[in-house]
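One structure is given below, encoded as structure tokens.
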Amino acid sequence: MKVTEVLLASLASCAAAYPSRAQSPKPPFFVLAGDSTTAVQSAGGGGWGDGFLNTTLFNGASGRNLGHNGATTVSFRTGGDWAEVLATVKKSKDAYRPFVTIQFGHNDQKPAANISLSQYTKNLEGLVKEVLDAGATPILVTPLSRRGYETSSGTPRIVQNLANETAATIQAAHSMDVKVIDLNKASTDYLNAIGPDNAYTYNLNPTDYTHLNGPGSVVFGGIVADLIIQVESDLAKDGYLKVDKTLKKDVNEGVYYWS
Ligand SMILES: *[C@@H]1O[C@H](CO)[C@@H](O)[C@H](O)[C@H]1NC(C)=O
Ligand SMILES: *[C@@H]1O[C@H](CO)[C@@H](O)[C@H](O)[C@H]1NC(C)=O
Ligand SMILES: *[C@@H]1O[C@H](CO)[C@@H](O)[C@H](O)[C@H]1NC(C)=O
């Protein structure tokens, strides 16, 4: 080829490459699998899921909250919720790029559930494998902190009673080589920063230190979105996932936020 031909050929390949580069990928569809700390606000539960779906998805991104009150990694499967997750992934695939967030631990850890930590880890790995087989992207989520404080040091600090489940969730992500977001750490840090009086305003009802009301769902749903952006940055670049600027700033600076 002459120099001009080489130049023309390379220009042509550039031109051909442009339309596909400029085209945004399909919007994400988030299927949320988990217990009551993910689930929709109701008399028996309420988590971050609806705040996340309602306030952080844009540009055609969508999702569905399949969090189930009282669920463990075992009951979520035996009760039919997991089948619903996989069916939802399948239905969403034509129009969307499906993601499945997986967050358990609050009920798995209860003695009555009789689920060992190693079984919990194995169960999470099994769920991850099935998400991958279904052609979706799994994101493991460490369990949202409860809002119980201890004051032995003089300064109220969150009681970290989900540390084992947090470590096990991270271990499952590493063994399956998939993404994990550390919601337990992010929520613990924020709750320590704002202190109990502010933290309790997110309670589903005054004496429920586990479940979130609507404003709490928006705060912790925003924290989840911010953590997801850190591991899936394209979702922010393409305008699909966005966290309210004030919320993001307040969380980063440990300042109390109320929507
Ligand atoms: C708890 O689980 C173990 C292992 O699966 C089983 O052997 C045991 O019988 C269970 N205990 C109860 C009280 O269900
Ligand atoms: C975490 O696991 C260790 C070792 O199995 C156990 O001694 C400890 O009680 C567990 N912590 C909690 C908060 O369950
Ligand atoms: C989410 O949106 C639905 C529908 O508008 C609303 O009923 C619900 O209260 C909202 N929940 C949160 C936590 O924002």
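- Remark: Lys91 does not engage Glu84 in a salt bridge, criterion side-chain N to carboxylate O under 4.0 Å.
- Side-chain atoms of Asp50 and Asn65 form a donor-acceptor pair, as typed in the model, at a separation below 3.5 Å.
- Side-chain contact of Tyr190 with Ser145: a donor-acceptor pair under 3.5 Å is absent, judged by distance alone.
- Between Pro98 and Ser92, the shortest heavy-atom contact is CB-OG, 3.6 Å.
- Smallest separation of non-hydrogen atoms from Gly34 and Ala71: O-CB, 4.0 Å.
- Taking the charged nitrogens against the carboxylate oxygens, Asp244 and Lys248 have no contact shorter than 4.0 Å, which rules out a salt bridge.
- Asn184 approaches Pro143 most closely through the heavy-atom pair ND2-O, 2.8 Å.
- A 4.5 Å side-chain heavy-atom check between Val131 and Ile102 finds at least one atom pair inside the cut-off.
- Contact detail for Pro138 and Ala136: the closest heavy-atom pair is CD-O, 3.5 Å.
- Using a 4.0 Å cut-off between charged side-chain N and carboxylate O, Glu130 and Arg77 make a salt bridge.
- Side-chain contact of Gln160 with Thr188: a donor-acceptor pair under 3.5 Å is absent, judged by distance alone.
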(message) What verdict does the side chain to side chain donor-acceptor pair (under 3.5 Å) test give for Asn107 and Lys110, after you've listed the backbone C-alpha separation in whole Å, the side-chain angles of each residue and the deciding distance to 0.1 Å?
(response) CA-CA 5 Å; Asn107 303 305; Lys110 292 176 182 163; 2.9 Å; yes
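- The ring-ring contact (aromatic ring centres under 6.0 Å, His included) test with Tyr209 singles out one residue from Tyr149, Tyr200, Tyr202, and that residue is Tyr200.
- Checked by atom type, the side-chain pair Asp108/Thr73 shows a donor-acceptor distance below 3.5 Å.
- For Tyr256 and Thr201, the side-chain atoms include at least one donor-acceptor pair closer than 3.5 Å.
- Under the 30°/60° scheme for interplanar angles, the aromatic rings of Phe104 and Phe76 are found to stand perpendicular.
- Checking Thr142 against Asp182 by side-chain atom types alone, a donor-acceptor pair falls below 3.5 Å.
- Minimum heavy-atom separation, Ala33 to Trp82: CB-CZ3, 4.1 Å.
- Taking 4.0 Å as the cut-off between side-chain N and carboxylate O, Glu125 and Lys129 do not count as a salt-bridged pair.
- Both tests pass for Lys242 against the ring of Phe58: distance under 6.0 Å to the centre and angle within 45° of the axis.
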